[in-house]
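Written out below as structure tokens is the structure these notes cover.
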Amino acid sequence: MTREDIYNKLSEYLVEMFEVPPEQISPDAQLYEDLDLDSIDAVDLVVKLQDLTGKKIPPEEFRTVRSVGDVVDRVHALLAA
Amino acid sequence: MFEKINYVWRLIGTGIAFACFSLGGALMTLFVFPPIALLTKDDETRIRRVRRVIYHAFRFFVFMLRIGGIIDSRFHGAEKLSQLRGALIVANHPALLDTVFLMSRMPDVQCIVKHELWDNPYLGGVMRAAGYIRNDGDAMSMMTQCEKALAKGQNILIFPEGTRSVPGQPIRFQRGFANIATHFETPIQLVTILCDPPTLAKGSPWYAIPPRQSRFDISFDELLDMSGYLRHEPRSIKVRRLTRELEQYYIGKLCHE
């Protein structure tokens, strides 16, 4: 899975699950401030990403994640590991 | 002439009421809650007793405002409360006194309160003693606290706006209440608060009282059953839809009445 694949999949999730307007999504967009997610949403997102990657994502690893780009980096690193 | 006297009377009365409110909070923290804590070993019982004191104080306060001719208030359908267990009580928030009016009808209610009040020198002690839930915590820990209250059959009072409405701007709800309601399938008791003429709104000082006496109409409307709400949608969608639906409901309520 390339970075771009991950980014596209993530964008899809953000639109479908959290009703984020597609035009607001960019690598710099902040999940909590710009895209209006909360910490419960973050847990849902982690679960969804686990399904996608087939890897277990430890919650503490996700706690420092702030932007869409961060999520892509984190998932990419996880798949490479 | 009469109008002028009435205005001055209400101005003085409002000032006294404000002073009594803050002072009352501080005095209770100093002289009422400590003996309760001393005499009650069990935490749950202590909190229940503290809330009972708050309830009686608010009841008296609301009564005084009314017979003193400072602010009038009418409750509609408040008898529904006696049957209500483990529900979310949701209300719009036009004025400073909304909480006081609502809690003057609820002897043991859990409440989600703006975190600033914990740092308030007069009311901070009351918040701590009554075991209310802060609104600035992590969404997860808030859910755990709500779960506890609901399991005990307590109702939870929440103003989804998070703070008082901004006059002239459409109502905006935060999602906290919807997180609770969809996750625990908690029934929602809708309450509409109307205040005419507006008083004690956000951004106006206590002495900016209206030219004639304000009257609050507090209506206990529908009870929403949340079991099976949008059963096939993901949690995050349910929460967002519910938030928007109730936002629209209140916007409609407030412009038609």
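By convention in this document, chain letters (A, B, ...) are assigned in the order of the sequence lines, proteins followed by strands, and residues within each chain are numbered from 1. For the numbers below, each heavy atom of this structure counts, side chains included, while hydrogens, waters and symmetry mates do not.
When each of E19(A), M17(A), K48(A) is tested with S236(B) by the rule side chain to side chain contact (heavy atoms under 4.5 Å, CB included), just one qualifies, namely M17(A).
Around the NZ atom of K152(B), the shell of radius 6.0 Å holds more than 12 heavy atoms that belong to other residues, nucleotides or ligands. Environment of CZ in R172(B): sparse, with no more than 12 heavy atoms of neighbouring residues, nucleotides or ligands closer than 6.0 Å. Within 6.0 Å of the CD atom in E4(A), the count of heavy atoms belonging to other residues, nucleotides or ligands does not exceed 12. The environment of Y122(B) atom OH is sparse: at most 12 non-hydrogen atoms of other residues, nucleotides or ligands sit within 6.0 angstrom.
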Stepwise, does the side-chain contact (heavy atoms from CB on, under 4.5 Å) test hold for R235(B) with I40(A)?
CA-CA 10 Å; R235(B) 184 206 65 85; I40(A) 305 176; 3.4 Å; yes
Test R240(B) against D36(A) for salt bridge (charged side-chain N to carboxylate O under 4.0 Å, His left out), laying out the working first.
CA-CA 11 Å; R240(B) 284 165 167 80; D36(A) 193 27; 5.5 Å; no
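How far CG of N179(B) is from CG of D41(A): 7.0 Å, rounded to the nearest 0.5 Å. Of the inter-residue distances, the one linking R175(B) atom CZ with L37(A) atom CG reads 7.0 Å to the nearest 0.5 angstrom. Taking CE of M142(B) as the reference point, atom CG of D38(A) lies at 9.0 Å (rounded to 0.5 Å).
Only the side chain of D44(A) comes within contact range of chain B, judged by heavy atoms closer than 4.5 Å.
Between E16(A) and I237(B) the shortest side-chain heavy-atom distance does not fall below 4.5 Å.
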